[in-house]
J.: 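Here it is, the structure, as structure tokens.
All heavy atoms count here, side chains included; hydrogens, waters and symmetry mates do not.
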Amino acid sequence: IGGLLGLVTGTLGIEQILVGTIGKRFVMGAYAPYFSVSQGAIVIAVELVLILLTTWLACRSVLKQQAVELLKGEKPPTAKPRFFEKWALWKRLPLLTKTVINNCINDKRRVFGTIIGIAGCTALIVTAVTVDNNIQKSFTWQYRDVYSYDTVVRYNAGIEEAQGDIQEVLDEIGTESTSVYTSPFKLMQPDGNQDAVTVTVPLEDDFDSFVHLNGEGRTAEEKYTDGIWVSRAYNAHFDAKPGDIIEIMDSEGQIHQFTIQGFFNHYLFNNQIVMSKEAYLQEFESEAVPNAFLVDSGDMTAKEIRKALSGIKAVRMVKDDYQAAFDVFSDFSNIAGAVVVVYLVLSVLMAIIVLFDLYTVFIEEKKKELIVLMINGFSVRDARQYIYRDTIVLTIIGIILGVIFGAVMGNITIMTLEPDMAYFAKGIDWMACGFGAAASSVLAVVLCSAALRRISRFKLSDINKL
């Protein structure tokens, strides 16, 4: 049943989410489903083998005992005192505190199962929220720490006085700008594939006020005045280092080689190269001619800038760079949001199936002890403390392990999702950790409270039947 549900969810749910978001940007025409029935059958077969193997190992651990030993029933606990029971502190502890410790020591399977269940629920939530938050964080960091511009004005450099006319209008409307040469090239990747890359050559001294090349390499003053600087994605995905050779191909098919001076943090979905005027002149044997302005629009919108420049025929495009990047990240955010929902549903199902079953079975196993407690004057509330105190301890341990595992898996998932041209933000997302811990705590409290309601229905006369 789980395998069939997975097939339906994968083909009709997850793939449709992909088609509705990023698929429309990269796929032309009909979209062929990636997940095939044969792959689903293989996954179901592997899961079935794992379940059968687990069941066989569990049965083997019990049935390897002699039949006469099994007929004796559960072995009574040994009367030999544990080392800590000789401590003076142990003797002063309340009865219920002692039971918490003894319950955890005597029932290792429950301890292990509860911790794994809580850790699994927490890890699922932390992983999903970490992916979602770090993708959003990447966009924020790009326009906070890397770019101080939000609009790009491209123009025909062959028209005389075009640069001066555009500069004059940009100054009149109160925007700040810097002149650059920018052009698309083909990036020759070390794995033999090709990808798009934008080469930018700074032509004014104030370039570093618009693009902050934070990353490995030389000082800030030298970063864009010597050699070429490559966006971090190339370093992360191809293990490139400063001093390596990078190859780009121009529109005529000619390949150019450069020595990498360093890498700068860049989180958008495109490869970027910042090249000094000297490096461009040396390789292309001509000076870079300005053909674009990087504009900090301030209070102006791209539409207003476009209108102000409408009288200049040399202007080819006024691009809202911020909005274009935001649209791409929104698509990925929609996918991440869907993943968060799926993971939350899975965590709730895991909690109900695993934790509620564990709580219920444990209460049934302790039914005799709980009735004895109540016969000796303990209230139902006291009897419940006998169960939920150690559950609290196990839940805390499970949440801690789940948060750690979820934070690690969240970053691994992000690295898996990264295309070759992108480099997302990474690291511990404390909001995800807090949300995962809080959600798991609520699930554990709700399920444990539901299971503890069974205690109030115990009949003291049932002691003779146990």
Side-chain angles (χ1 to χ4, degrees), residues 134 137-149 178 180-250 254-288 292 294 325 411-412 414-427:
N134 280 358
K137 202 181 296 180
S138 301
F139 176 78
T140 302
W141 288 3
Q142 180 71 25
Y143 286 91
R144 185 195 68 186
D145 301 332
V146 183
Y147 285 174
S148 293
Y149 71 91
T178 186
V180 298
Y181 165 81
T182 179
S183 179
F185 285 80
K186 286 289 186 181
L187 174 63
M188 313 302 292
Q189 297 176 341
D191 58 6
N193 295 320
Q194 298 180 12
D195 206 347
V197 62
T198 299
V199 173
T200 300
V201 180
L203 300 176
E204 297 181 9
D205 294 337
D206 61 350
F207 175 79
D208 56 349
S209 299
F210 293 84
V211 179
H212 311 288
L213 303 183
N214 302 314
E216 296 180 6
R218 306 184 181 183
T219 64
E221 292 76 14
E222 297 174 312
K223 280 183 176 178
Y224 69 92
T225 59
D226 185 16
I228 73 166
W229 291 77
V230 184
S231 51
R232 175 72 70 188
Y234 189 78
N235 163 244
H237 296 291
F238 299 106
D239 196 29
K241 300 177 179 61
D244 290 352
I245 300 298
I246 188 172
E247 296 181 338
I248 60 175
M249 183 172 64
D250 60 25
Q254 184 176 354
I255 294 179
H256 304 270
Q257 294 184 338
F258 298 90
T259 300
I260 299 174
Q261 296 297 321
F263 302 93
F264 62 94
N265 294 334
H266 182 83
Y267 306 100
L268 300 183
F269 289 84
N270 50 42
N271 295 297
Q272 292 284 329
I273 289 178
V274 176
M275 183 183 303
S276 67
K277 292 184 291 185
E278 294 76 14
Y280 185 91
L281 176 61
Q282 181 178 355
E283 178 62 27
F284 295 95
E285 299 180 349
S286 63
E287 292 187 353
L294 307 182
N411 285 278
I412 292 175
I414 290 173
M415 289 188 287
T416 304
L417 289 174
E418 279 179 347
D420 289 343
M421 78 287 288
Y423 180 78
F424 295 147
K426 299 178 183 67

J.: Could you tell me the separation between the CG atom of Asp205 and the OG1 atom of Thr178, rounded to the nearest 0.5 Å?
T.: 8.5 Å
J.: Between Ala422 and Ala233, what is the shortest heavy-atom contact and its length?
T.: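 Residues Ala422 and Ala233, closest heavy atoms: O-CB, 3.5 Å.
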J.: Heavy-atom distance under 4.5 Å between the side chains of Ile273 and Ile248, does that happen here?
T.: yes
J.: Just jot down the side-chain contact (heavy atoms from CB on, under 4.5 Å) partners of Met421, sequence neighbours excluded, or say none.
T.: Asp195, Asn271, Pro419
J.: Could you tell me which residues satisfy salt bridge (Lys or Arg N to Asp or Glu O under 4.0 Å) with Asp239, sequence neighbours excluded, listed by chain and number?
T.: Lys241
J.: Using the test side-chain contact (heavy atoms from CB on, under 4.5 Å), find all partners of Thr198 that sit at least two apart in sequence or belong to another chain.
T.: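 Once residues adjacent in sequence are excluded, the partners of Thr198 under the side-chain contact (heavy atoms from CB on, under 4.5 Å) criterion are Thr182, Thr200, Gln272.
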J.: Could you grab the distance from atom CZ of Phe258 to atom CD1 of Ile245, nearest 0.5 Å is fine?
T.: 10.0 Å
J.: For the atom pair NZ (Lys277) and CD (Glu204), what is the distance rounded to the nearest 0.5 Å?
T.: 9.0 Å
J.: Rounded to the nearest 0.5 Å, how far does CD1 of Ile246 lie from CG of Asn235?
T.: 10.5 Å
J.: Among residues at least two apart in sequence or on other chains, which ones pass side chain to side chain donor-acceptor pair (under 3.5 Å) with Gln194?
T.: none
J.: How long is the straight-line distance from CD1 of Ile414 back to CZ of Phe424, given to the nearest 0.5 Å?
T.: 8.0 Å
J.: Show your reasoning for whether side chain to side chain contact (heavy atoms under 4.5 Å, CB included) applies to Phe207 and Val274.
T.: CA-CA 11 Å; Phe207 175 79; Val274 176; 4.0 Å; yes
J.: Enumerate, atom names and distances included, each donor-acceptor pair closer than 3.5 Å involving a side-chain atom of residues 279-288, sequence neighbours excluded.
T.:
unit_1 : atom_1 : unit_2 : atom_2 : d
Glu283 : OE2    : His256 : ND1    : 2.9

J.: For Ser183, enumerate each residue passing the side-chain contact (heavy atoms from CB on, under 4.5 Å) test, keeping only those at least two apart in sequence or located in another chain.
T.: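 Once residues adjacent in sequence are excluded, the partners of Ser183 under the side-chain contact (heavy atoms from CB on, under 4.5 Å) criterion are Tyr181, Phe185.
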J.: Please enumerate all residues that pass ring-ring contact (aromatic ring centres under 6.0 Å, His included) together with Tyr267, with sequence neighbours excluded.
T.: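 Once residues adjacent in sequence are excluded, the partners of Tyr267 under the ring-ring contact (aromatic ring centres under 6.0 Å, His included) criterion are Trp141.
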J.: Report the residues that fulfil ring-ring contact (aromatic ring centres under 6.0 Å, His included) with Tyr149, sequence neighbours left out, ordered by chain and then residue number.
T.: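 Partners of Tyr149 by the ring-ring contact (aromatic ring centres under 6.0 Å, His included) criterion, ordered by chain and then number, come out as Tyr147.
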J.: Phe264 versus Ser231: any side-chain heavy-atom pair under 4.5 Å?
T.: yes
J.: Looking only at non-hydrogen atoms, find the nearest pair between Gly262 and Pro242 and report the distance.
T.: CA-CG, 4.4 Å
J.: Measuring from atom CZ of Arg232 to atom CG of Asn265, what distance do you get when rounded to the nearest 0.5 angstrom?
T.: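 If we round to the nearest 0.5 Å, Arg232:CZ and Asn265:CG are 5.0 Å apart.
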J.: Which heavy atom of Tyr423 sits nearest to which heavy atom of Ala236, and what is that distance?
T.: CD1-CB, 3.7 Å
J.: Tell me, please, which residues at least two apart from Lys426 pass side chain to side chain donor-acceptor pair (under 3.5 Å).
T.: Glu418
J.: The criterion is side chain to side chain donor-acceptor pair (under 3.5 Å); which residues satisfy it with Gln142, sequence neighbours excluded?
T.: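 Residues passing side chain to side chain donor-acceptor pair (under 3.5 Å) with Gln142: His266.
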J.: Can you list everything that forms a side chain to side chain donor-acceptor pair (under 3.5 Å) with Ser148? Sequence neighbours excluded, please.
T.: His212
J.: Could you tell me which residues satisfy side-chain contact (heavy atoms from CB on, under 4.5 Å) with Pro184, sequence neighbours excluded, listed by chain and number?
T.: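 Counting only residues at least two positions away or on another chain, Pro184 forms no side-chain contact (heavy atoms from CB on, under 4.5 Å).
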J.: Please determine which of Asp420, Ile260, Asp244, Val197 meets the side chain to side chain contact (heavy atoms under 4.5 Å, CB included) test together with Tyr234.
T.: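 Looking at Asp420, Ile260, Asp244, Val197, the match for Tyr234 under the side chain to side chain contact (heavy atoms under 4.5 Å, CB included) is Ile260.
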J.: Would Val211 and Leu294 count as a side chain to side chain contact (heavy atoms under 4.5 Å, CB included) if you check the C-alpha gap in whole Å, the side-chain angles of each, and the deciding distance to 0.1 Å?
T.: CA-CA 9 Å; Val211 179; Leu294 307 182; 4.0 Å; yes
